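Basis for what follows: all heavy atoms, side chains included, without hydrogens, waters or symmetry-related copies. Source: prediction; values computed, not measured.
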Amino acid sequence: MSKNSDSLPPDNVPLAVATIVGTVFALSLGDALIKALGGAGGMGIWQLFALRSLLAFPVLLIGAWSMFGASRLRPRALLWIVLRSLLLVGMWIAYYLSLPLLPLAVAAAAYYTLPLFIVAFAALFGGETVGRLQWGGVALGFLGILLVLRPGGEAFSWAALLPILSAVLYAVAMILTRTKCRFEHPAILALGLNAAFILVGGAGLWIGSGMTEEIPGFLTPKWQEMTGTQWRNLVLLAGLLLVASVGTAVAYQAASASTVGTFDFAYVGFAVIWGVVIFDERPQGAALAGIALIVVAGVLAVQRPKPNLSSR
């Protein structure tokens with residue numbers, strides 16, 4: 001055991017923090033672009049899924065093949081990889097559908113309740129021990145949700161439940177990753193997810209080709225002719241997806257999950273900035289207070305109790 005421990009590289013916290021902040025910057029910019037693409041006359045979600053991953057998949061495959069070799073890219077639990085990938089595709093469907101309907105900051109705050117669900121599901125289904133501080137974060141986070149969504153009020157929108165559904169699906173996928181896909185190579189999981197995007201997007205477009213009635217908005221299964229600007233945005237989205245895939249892995253390998261998870265919440269701050277700069281969205285006082293509570297709650301939820309040194 002000591003030999004394995006000695007062989008582990010030391011934590012590099014500055015690298016982890018810089019990487020995760022850059023990663024969530026890329027993710028938030030990509031989601032802002034998707035929100036813009038999902039407007040009136042924009043491409044549907046199925047076309048977006050298929051084309052973005054068709055661009056990203058070969059780059060990821062060639063890179064993984066050249067760095068790790070074919071022997072390390074063989075899946076061990078194919079059915080669990082498929083289920084995990086479909087859960088994540090469902091997660092992105094729910095989140096992307098919310099973007100044209102909600103201010104970006106509100107959608108981001110509702111989505112970033114995911115550490116709360118991960119903590120709850122890990123305790124209920126994963127057999128993990130959860131401390132009082134984490135449960136306090138869960139309670140504080142749901143208070144923040146009430147401030148952001150204001151159920152029962154005139155400003156409440158049922159679309160605000162979509163990013164929460166997205167967070168639930170992501171939490172289930174992460175518990176599945178921990179319990180059933182723990183020994184899979186990260187490149188296999190990334191390739192499986194992009195393959196699922198291609199298959200689901202392609203299936204949506206194929207079904208849409210035989211439909212006579214129109215489905216407006218982001219759910220449209222009809223192929224939309226794309227302009228040069230949309231193709232450039234799509235290439236940028238594929239690049240941002242690759243950056244996010246690699247950056248997340250690097251960050252969480254370079255430092256502890258509690259450290260990286262704390263800075264992961266920079267996404268919410270970037271989402272507020274993009275909302276103001278690109279869409280002129282300015283959250284009101286109650287929503288800003290709720291967003292702040294959710295961020296604080298998430299930071300508490302990702303903390304892990306310190307080991308009891310006296311017992312060693």
Side-chain angles (χ1 to χ4, degrees), residues 17-43 45 48 52 91-92 94-116 140-141 143-151 153-167 170 217-218 227 229-230 232-241 243-244 247-248 261-299:
V17 171
T19 302
I20 197 62
V21 171
T23 297
V24 296
F25 175 88
L27 279 171
S28 62
L29 176 59
D31 290 341
L33 287 174
I34 288 169
K35 179 178 173 68
L37 287 171
M43 76 174 69
I45 194 171
L48 173 64
R52 184 184 63 174
M91 178 269 290
W92 286 119
Y95 187 63
Y96 287 167
L97 287 179
S98 73
L99 292 181
L101 305 174
L102 296 172
L104 185 58
V106 171
Y111 171 71
Y112 264 79
T113 57
L114 65 92
L116 315 181
L140 190 64
L143 177 59
I145 292 174
L146 294 177
L147 285 174
V148 171
L149 305 187
R150 285 175 287 175
E154 294 181 359
F156 175 73
S157 171
W158 287 102
L161 298 179
L162 287 170
I164 295 179
L165 171 61
S166 177
Y170 182 85
F218 216 13
T227 64
T229 300
Q230 287 177 316
R232 286 193 295 272
N233 286 339
L234 194 64
V235 171
L236 177 58
L237 285 173
L240 292 173
L241 181 63
V243 168
T248 302
T262 300
F263 289 91
D264 202 337
F265 285 89
Y267 177 99
V268 180
F270 287 130
V272 173
I273 293 172
W274 298 131
V276 172
V277 172
I278 300 177
F279 304 106
D280 197 27
E281 299 169 347
R282 303 177 187 275
Q284 300 302 311
L288 284 174
I291 290 170
L293 280 180
I294 290 171
V295 171
V296 172
V299 170

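Across every non-hydrogen atom of I291 and A109, the tightest pair is CG1-CB, 3.5 Å. Here the closest heavy-atom approach between residue L104 and residue A32 is recorded as CD2-CB, 4.0 Å. Pairing each heavy atom of A105 with each of V272, the nearest pair is CB-CG2, 3.6 Å. Closest of all the heavy-atom pairs between Y95 and A107 is CE1-O, 3.5 Å. The nearest pair of heavy atoms linking A26 to V243 is CB-CG1, 4.1 Å.
Note that CG of L162 and CG of L99 are 9.5 Å apart. Values are rounded to the nearest 0.5 Å. Taken from CG in L102 to CG in L161, the straight-line distance is 9.5 Å, to the nearest 0.5 Å. To the nearest 0.5 angstrom, I273 atom CD1 is 11.5 Å from L29 atom CG.
Within the 4.5 Å cutoff, the side chain of L234 has heavy atoms near those of the L48 side chain. Inter-residue side-chain proximity for I34 and D31 is flagged as met; some heavy-atom pair is nearer than 4.5 Å. Residues R232 and V235 form no side-chain contact, since every pair of their non-hydrogen atoms from C-beta on lies 4.5 Å or further apart.
Under a 3.5 Å cut-off, the side chain of S28 and the backbone N or O of V24 do form a donor-acceptor pair. Looking only at distances, no side-chain donor or acceptor of K35 sits under 3.5 Å from a matching main-chain atom of P103.
Pairs passing the side-chain hydrogen bond (donor to acceptor under 3.5 Å, both in side chains) check and including a residue from residues 97-113, sequence neighbours excluded, read Y112-D264.
Taking the ring pair (Phe, Tyr, Trp, His ring centres under 6.0 Å) definition, one finds that F270 meets it with F25, sequence neighbours left out.
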